[in-house]
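The structure appears right after this line, and notes come after that.
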Amino acid sequence: MEGVEEMEIVIVGGGICGLATALALHRKGIASVILERSESLRATGGGIAVHTNGWRALEQLGIASELRQTALTLQLARTIWLDSGKQQESPVSEGEARCVERSKLVELLAAHLPVGTIRFGCHIISIKLDAHTSTPILDMHDGSIIKAKIVIGCDGGNSVIGDFLELKPPKLLSACAVRGFTNYPNGHGFAPEYIRQKKGQVLLGRSPVNDTLVFWFVVPQVYPQDSNVWKDPKLIRQFALELTEGFPTEMTEMINGSDENSLSLTHLRYREPWDVLLGRFRKGSVTVAGDAMHIMGPFLGQGGSASVEDAVVLARCLAPKLREVNLETNGREMTVVQKVGEALDAYVKERRMRLVWLSTQTYLMGKLLLDSSLLPVKLLTLVVVLALFRDPVGHSRYDCGRL
Ligand SMILES: Cc1cc2nc3c(=O)[nH]c(=O)nc-3n(C[C@H](O)[C@H](O)[C@H](O)COP(=O)(O)OP(=O)(O)OC[C@H]3O[C@@H](n4cnc5c(N)ncnc54)[C@H](O)[C@@H]3O)c2cc1C
């Protein structure tokens with residue numbers, strides 16, 4: 001085809017998952033190209049909890065020790081219901097939990113990629129399979145076309161690749177999230193604890209990143225009335241302060257003193273656990289990973305780590321099959337699609353139940369933390385949580401294995 005660019009492996013989206021997937025492939029000696037619609041790395045979005053399972057996956061990518069130096073270890077999770085005064089202490093993770101700056105993680109992943117792996121300003125608008133060879137064909141926003149042998153959709157919750165796979169669109173939670181960082185130049189003095197405070201319909205969380213930086217979030221069960229709030233950091237802070245009226249002063253002072261550039265307001269969306277169980281995550285040589293596959297609420301803090309696990313498993317499954325077919329020269333297109341299809345099926349099979357359990361636990365945790373349903377419904381949810389997840393930090397014990 002004239003005017004069509006041909007590529008081997010295309011990763012759509014350069015967020016945590018796309019970057020981790022490219023790095024995992026690179027570590028296996030496989031080149032890929034990330035097509036990212038933004039003009040630069042999207043490093044916004046505050047802090048991100050990384051549990052033991054996430055550190056294991058990051059170790060496989062070779063960036064864990066560098067990232068560890070940026071964040072302290074969290075010792076404990078403390079949940080406080082301010083209305084009743086009830087408090088609960090629990091481990092944050094099975095072993096190691098830290099709250100890292102998302103920007104640090106994203107920049108580190110990108111820094112370890114070969115130069116030229118990421119192409120910015122590349123917005124994919126649709127994808128189809130060639131009628132004869134089943135090779136994926138990507139239509140770009142600028143009118144250009146890319147023909148790729150393998151496409152991995154890491155394009156987040158609103159995934160074009162997910163649409164192509166006919167995945168059900170993620171659902172909106174009846175809550176949004178304000179996120180921000182506050183810097184205390186002389187030290188914050190807070191214990192290395194992940195604190196969650198609940199008052200009325202508002203959940204407020206705080207986690208130290210290092211001795212001077214604190215990440216916080218506010219999750220209310222309302223959306224701002226004024227649509228300008230979504231875009232304007234000053235209004236976002238004002239919104240967060242209004243929501244947290246009556247919370248302890250050290251919390252409201254923290255929000256008041258936050259770094260304006262760090263503030264964001266996000267819709268919370270999730271793929272229902274049964275859609276993760278039943279979703280078709282592979283068509284031809286096209287698959288999805290990260291939020292495009294399993295977007296979940298923030299209640300376990302596992303979406304990002306699960307994305308890195310996806311990357312490790314995907315590269316591990318693909319590498320041996322790619323050795324069987326010579327993609328560069330004499331691999332016939334049908335054979336490539338078939339062999340790659342087998343590898344992608346193995347990846348989906350390995351990931352599916354892990355993701356079903358994570359999505360289910362996140363969903364139920366969200367229900368317990370946010371839900372305003374009647375007491376019997378809450379009690380029933382609690383019984384289900386206790387029955388299915390007797391070990392509340394069992395999710396962090398998972399080991400995605402070697403790359
Ligand atoms: C409030 C909140 C708190 C969270 N807290 C945690 C936490 O503590 N721990 C944790 O592990 N996870 C957490 N998560 C989840 C975590 O942020 C996500 O799971 C993770 O960022 C997913 O990464 P991703 O790369 O799959 O998707 P994204 O980060 O959404 O990246 C997708 C990328 O694809 C690009 N893109 C999209 N469409 C196209 C297209 N058509 N063409 C080209 N490029 C495209 C986008 O520009 C973007 O760069 C939280 C999420 C939220 C909302």
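Note that ligands are numbered from 1 as they come in the structure, with each ligand's atoms numbered from 1 the same way.
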Subject >> Region of Cys17 that comes within reach of ligand 1 [heavy atoms, distance under 4.0 Å] >> reply: both
**OP:** Using a 4.0 Å heavy-atom threshold (strictly under), name the region of Val160 that reaches ligand 1: side chain, backbone, both or neither.
**Re:** side chain
**OP:** Using a 4.0 Å heavy-atom threshold (strictly under), name the region of Cys99 that reaches ligand 1: side chain, backbone, both or neither.
**Re:** neither
**OP:** Answer with side chain, backbone, both or neither: which part of Ile125 has a heavy atom less than 4.0 angstrom from an atom of ligand 1?
**Re:** neither
**OP:** Could you tell me how the ring of Phe190 sits relative to the ring of Tyr184: parallel (under 30°), tilted (30 to 60°) or perpendicular (over 60°)?
**Re:** perpendicular
Original post:
Is it the side chain (CB and beyond), the backbone, both or neither of Cys154 that lies under 4.0 Å from ligand 1, heavy atoms counted?
Top reply: backbone
Original post:
Do Arg282 and Glu342 pass the salt bridge (charged side-chain N to carboxylate O under 4.0 Å, His left out) test, and can you show the C-alpha distance, the side-chain angles, and the key distance before you say yes or no?
Top reply: CA-CA 10 Å; Arg282 195 275 290 183; Glu342 287 168 17; over 6 Å; no
**OP:** Please indicate whether any nitrogen or oxygen in Ile16 is less than 3.5 Å from any nitrogen or oxygen in ligand 1.
**Re:** yes
Subject >> Heteroatom distance test (Asp291, ligand 1): nitrogen or oxygen, under 3.5 angstrom >> reply: yes
Original post:
Looking only at atom types and distance, does a side-chain atom of Gln201 sit under 3.5 Å from a main-chain N or O of Gln221, one as donor and one as acceptor?
Top reply: no
Original post:
When only distance counts, is Gly157 in polar contact with ligand 1, meaning an N/O pair under 3.5 Å?
Top reply: no
Subject >> Min N/O separation Glu36 to ligand 1 under 3.5 Å >> reply: yes
Original post:
Is the side chain of Arg56 donor-acceptor paired with the backbone N or O of Glu309 at a distance under 3.5 Å, no angle test?
Top reply: no
Original post:
Side chain or backbone of Arg42 under 4.0 Å from ligand 1, or both, or neither, by non-hydrogen atoms?
Top reply: side chain
Original post:
Hey, is ligand 1 close enough to Thr266 that some N/O pair sits below 3.5 Å?
Top reply: no
**OP:** Using a 4.0 Å heavy-atom cut-off, say whether Met296 meets ligand 1 through its side chain, its backbone, both or neither.
**Re:** neither
Subject >> Region of Ala49 engaging ligand 1 - heavy atom pairs below 4.0 Å >> reply: both
Original post:
Any idea which heavy atoms bring Gly162 and Val288 closest together, and the distance?
Top reply: N-CG1, 4.0 Å
Original post:
Is the closest N or O pair between Gly304 and ligand 1 shorter than 3.5 Å?
Top reply: yes
